[in-house]
Chemist: 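My questions all concern the structure below.
Chain A is the first sequence line, chain B the second, and so forth, proteins listed ahead of strands; every chain is numbered from 1.
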Protein chains: 2
Amino acid sequence: MTAVQTNTAGSPFGSVNAPRRSVLADEIYEILKSKLMDNVVEPGARLSIDGLSRDLKVSATPIREALARLESDGLVTKRAHHGYTAAPLIDARTFAELFRMRLLLEPACASWAAEIATPRQITAMEDLIAEMKTPLAGDGYESYKAFASQDAAFHGALAAATGVGLMVETLERLRPHAQLYRLYYTVGIADDTVREHERVLEAVTRRDQAGAAHAMSAHLSASRGRLAGALGQPETD
Amino acid sequence: MTAVQTNTAGSPFGSVNAPRRSVLADEIYEILKSKLMDNVVEPGARLSIDGLSRDLKVSATPIREALARLESDGLVTKRAHHGYTAAPLIDARTFAELFRMRLLLEPACASWAAEIATPRQITAMEDLIAEMKTPLAGDGYESYKAFASQDAAFHGALAAATGVGLMVETLERLRPHAQLYRLYYTVGIADDTVREHERVLEAVTRRDQAGAAHAMSAHLSASRGRLAGALGQPETD
DNA sequence: GCATCATAGATCCTATAGGAACTTGTAACC
DNA sequence: GGTTACAAGTTCCTATAGGATCTATGATGC
């Protein structure tokens with residue numbers, strides 16, 4: 001945890017001359033959420049309120065609020081009088097549940113998107129796929145993280161193309177990519193993923209709902225198979 | 001804490017002699033969550049931190065924490081420097097999305113439960129159905145609330161019977177019954193609901209996965225039709 | 001050597017105080 | 001009558017202080 005005080009104005013969070021559009025607690029929330037999603041804070045790591053207060057040079061109050069929100073988000077766990085801990089790394093059971101839910105939700109998501117996605121949304125998804133084809137710069141860990149981020153962006157854009165806010169929220173809540181991205185490090189980046197995304201988007205583009213659902217189902221099953229090895233378990237089906 | 005610790009008669013949180021298993025912020029969270037889920041706090045109502053602090057006779061700190069958690073839960077909304085508001089009543093769009101997601105999730109839920117529900121879990125669901133058949137005591141509003149609570153309990157038990165924690169969480173997060181129960185007041189209590197629950201459970205009991213899914217799908221479609229009138233919109237499909 | 005107890009330090013939790021921001025009411029002006 | 005400016009009151013937000021709880025370490029007794 002490094003100090004955030006980078007501004008000569010004395011405020012940790014930007015110019016004192018600009019009107020505040022958010023409050024400190026919101027900003028702390030975003031900073032901590034980012035660190036948790038990016039695994040800058042390791043899964044299972046202790047999060048000390050006093051420590052964060054010192055590091056971020058703010059009082060405990062906004063820290064507590066931010067952590068309370070993150071608890072409800074499922075990103076941290078809290079034990080009374082003991083403090084907060086970053087949610088643990090995904091285990092085999094959660095992995096299985098996660099893919100089971102994804103295999104229920106995301107083919108339907110693709111099908112719905114095939115029904116009503118706008119040309120603009122489709123173009124945006126094409127751009128995301130093109131971006132995924134660009135060789136990634138940087139060393140191993142960072143490139144896997146970037147890949148996972150692109151992967152997540154494609155799935156997120158597809159959900160948004162359904163126009164069903166509750167689908168977007170439901171998938172966001174599962175946080176598949178934040179939970180799975182570390183597994184990419186073991187199994188490597190898969191060109192297959194990009195091709196599978198392309199097949200999903202082709203079906204969406206030609207308004208083939210069943211095709212989109214099938215392509216997404218195949219993508220998820222393959223993804224599960226690729227990642228399962230990283231968990232030290234063989235694929236079960 | 002001195003005021004609460006020495007105040008036996010007026011303590012909002014029970015006996016001062018019992019060891020505290022939770023902290024004040026947790027208890028405030030439960031109290032407020034209960035009031036929001038039960039609509040004791042009206043949808044759209046202002047929630048004043050200072051007001052709650054005075055009413056509950058605690059400082060603003062645990063109030064703020066509890067509200068922060070409830071914001072992430074989706075039960076309240078917050079505007080910086082303006083305060084918190086109870087989440088608004090369900091509108092037609094959210095209603096449509098809610099049933100769309102339920103029709104995706106809950107037939108699968110019933111199917112999964114048909115696969116692995118234990119006899120004990122099935123018996124518990126039978127008990128819940130029997131309870132729903134008991135004529136409800138009390139006046140209109142309270143009986144509709146009780147009915148909605150029983151309805152929710154049956155669906156919750158079914159989700160638990162899948163053994164998939166993420167399914168339980170996902171359905172909990174949608175909070176269908178807390179959002180819909182007010183609509184029961186307009187359309188009345190439906191004996192059909194009980195019969196539909198019975199059909200779902202019969203299929204689960206005989207391990208008929210497709211039958212369970214179909215029965216749940218029929219139940220949700222019928223429920224949607226019954227409740228849609230209360231929204232001032234005709235059923236669209 | 002092991003178990004128990006006491007102590008110190010760290011951390012968590014809540015109350016309180018003070019400043020910032022917002023809302024409402026009133027007076028002055030056109 | 002409508003508009004603008006200002007003041008007062010209310011509420012939100014954060015820092016600080018103090019007490020409660022937990023953890024680790026050392027001392028003592030068996």
Side-chain angles (χ1 to χ4, degrees), chain A residues 1 3-5 7 9-32 41 44-72 76-86, chain B residues 1-7 10-32 41 45-72 76-86:
Chain A
M1 232 14 129
V4 189
Q5 186 170 359
N7 194 299
S11 163
F13 306 111
S15 171
V16 295
N17 293 325
R20 295 281 301 258
R21 287 184 174 271
S22 61
V23 296
L24 198 49
D26 287 347
E27 292 175 31
I28 300 289
Y29 170 77
E30 292 298 333
I31 288 169
L32 293 181
V41 176
R46 256 314 287 292
L47 286 163
S48 152
I49 294 164
D50 280 5
L52 289 170
S53 179
R54 282 191 297 267
D55 290 345
L56 299 177
K57 296 187 165 49
V58 297
S59 81
T61 311
I63 305 280
R64 298 187 64 87
E65 267 190 56
L67 286 171
R69 288 171 66 186
L70 290 165
E71 181 193 13
S72 284
V76 299
T77 61
K78 173 185 151 186
R79 204 170 114 206
H81 291 295
H82 188 262
Y84 289 86
T85 306
Chain B
M1 279 302 292
T2 57
V4 176
Q5 291 280 13
T6 60
N7 188 349
S11 167
F13 309 115
S15 170
V16 297
N17 293 325
R20 296 283 299 260
R21 287 184 174 269
S22 62
V23 296
L24 198 49
D26 288 347
E27 292 175 31
I28 300 287
Y29 170 76
E30 294 297 336
I31 288 170
L32 293 180
V41 176
R46 252 321 282 292
L47 287 164
S48 153
I49 293 165
D50 280 4
L52 288 171
S53 179
R54 282 190 298 266
D55 290 347
L56 299 178
K57 297 183 166 52
V58 296
S59 82
T61 311
I63 305 279
R64 297 186 65 87
E65 267 188 58
L67 285 171
R69 288 171 65 186
L70 291 165
E71 180 193 12
S72 283
V76 299
T77 60
K78 173 185 150 186
R79 202 170 115 206
H81 292 294
H82 187 264
Y84 290 86
T85 308

Chemist: Please determine whether a side-chain nitrogen or oxygen atom of B:His82 lies at a distance below 4.0 Å from atom OP1 or OP2 of D:dC13.
Modeler: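 No, because none of the side-chain N or O atoms of B:His82 sits under 4.0 Å from OP1 or OP2 of D:dC13.
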
Chemist: Please determine whether a side-chain nitrogen or oxygen atom of A:His81 lies at a distance below 4.0 Å from atom OP1 or OP2 of D:dT23.
Modeler: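 Looking at the OP1 and OP2 atoms of D:dT23, neither is under 4.0 Å from any side-chain N or O of A:His81.
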
Chemist: Looking only at the side chain of A:Val58 (C-beta and beyond, no hydrogens), which of the listed nucleotides C:dT23, D:dA15, D:dT11 gets closest?
Modeler: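 Among the listed nucleotides, the one closest to the side chain of A:Val58 is D:dA15.
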
Chemist: Specify the residue among A:Ile49 and A:Thr61 whose closest nucleotide of DNA chain C lies further upstream toward the 5′ end.
Modeler: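 Closer to the 5' end of DNA chain C: A:Ile49.
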
Chemist: Strictly below 4.0 Å: does B:Ser59 bring a side-chain N or O up to OP1 or OP2 of C:dT14?
Modeler: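 No, no such contact exists.
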
Chemist: When you measure from the side chain of B:Pro62, which nucleotide among C:dA15, C:dC13, D:dA15 comes out closest?
Modeler: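 Of all the options, the side chain of B:Pro62 is nearest to C:dA15.
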
Chemist: For the pair made of CZ in B:Arg64 and C1' in D:dT14, what is the distance, rounded to whole Å?
Modeler: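 So the two atoms are 8 Å apart, to the nearest Å.
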
Chemist: Can you tell me the distance, in whole Å, between the CD1 atom of B:Ile63 and the P atom of D:dT11?
Modeler: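 One finds 14 Å between P of D:dT11 and CD1 of B:Ile63, rounded.
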
Chemist: Would you say B:Arg46 reaches D:dC12's phosphate, i.e. side-chain N/O to OP1/OP2 under 4.0 Å?
Modeler: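 So the side chain of B:Arg46 is within the cut-off, an N or O lying under 4.0 Å from OP1 or OP2 of D:dC12.
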
Chemist: Once you round to the nearest 0.5 Å, how far does CG of A:Leu56 lie from CD1 of A:Ile31?
Modeler: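 Atom-to-atom, A:Leu56:CG and A:Ile31:CD1 are 6.0 Å apart.
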
Chemist: To the closest 0.5 Å, what do you measure between CD (A:Glu71) and CD (B:Glu65)?
Modeler: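 Reported value, rounded in 0.5 Å steps: 9.0 Å.
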
Chemist: B:Ala60 or B:Arg54: which one's nearest nucleotide on DNA chain D is closer to the 5' end?
Modeler: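 Its nearest nucleotide lies further toward 5', so the answer is B:Arg54.
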
Chemist: Give the nucleotide from the list C:dT14, D:dC13, C:dC22 with an atom nearest to the side chain of B:Glu65.
Modeler: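 Nearest to the side chain of B:Glu65 among the choices is C:dT14.
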
Chemist: OP1 or OP2 of D:dT10 versus the side-chain N and O atoms of B:Ser48: is any pair under 4.0 Å?
Modeler: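 For B:Ser48, the contact criterion (side-chain N or O under 4.0 Å from OP1 or OP2 of D:dT10) is not met.
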
Chemist: Check every atom of C:dC13, D:dT11, D:dA15 against the side chain of B:Val23 and return the nucleotide holding the closest atom.
Modeler: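 It is C:dC13.
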
Chemist: When rounded to the nearest 0.5 angstrom, what distance separates OG1 in B:Thr61 from CG in B:Leu24?
Modeler: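 Here the interatomic distance stands at 9.5 Å.
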
Chemist: As a test of understanding, state which of A:Val41, A:Thr85, A:Thr77 forms a side-chain contact (heavy atoms from CB on, under 4.5 Å) with A:Leu47.
Modeler: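 The passing option is A:Val41.
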
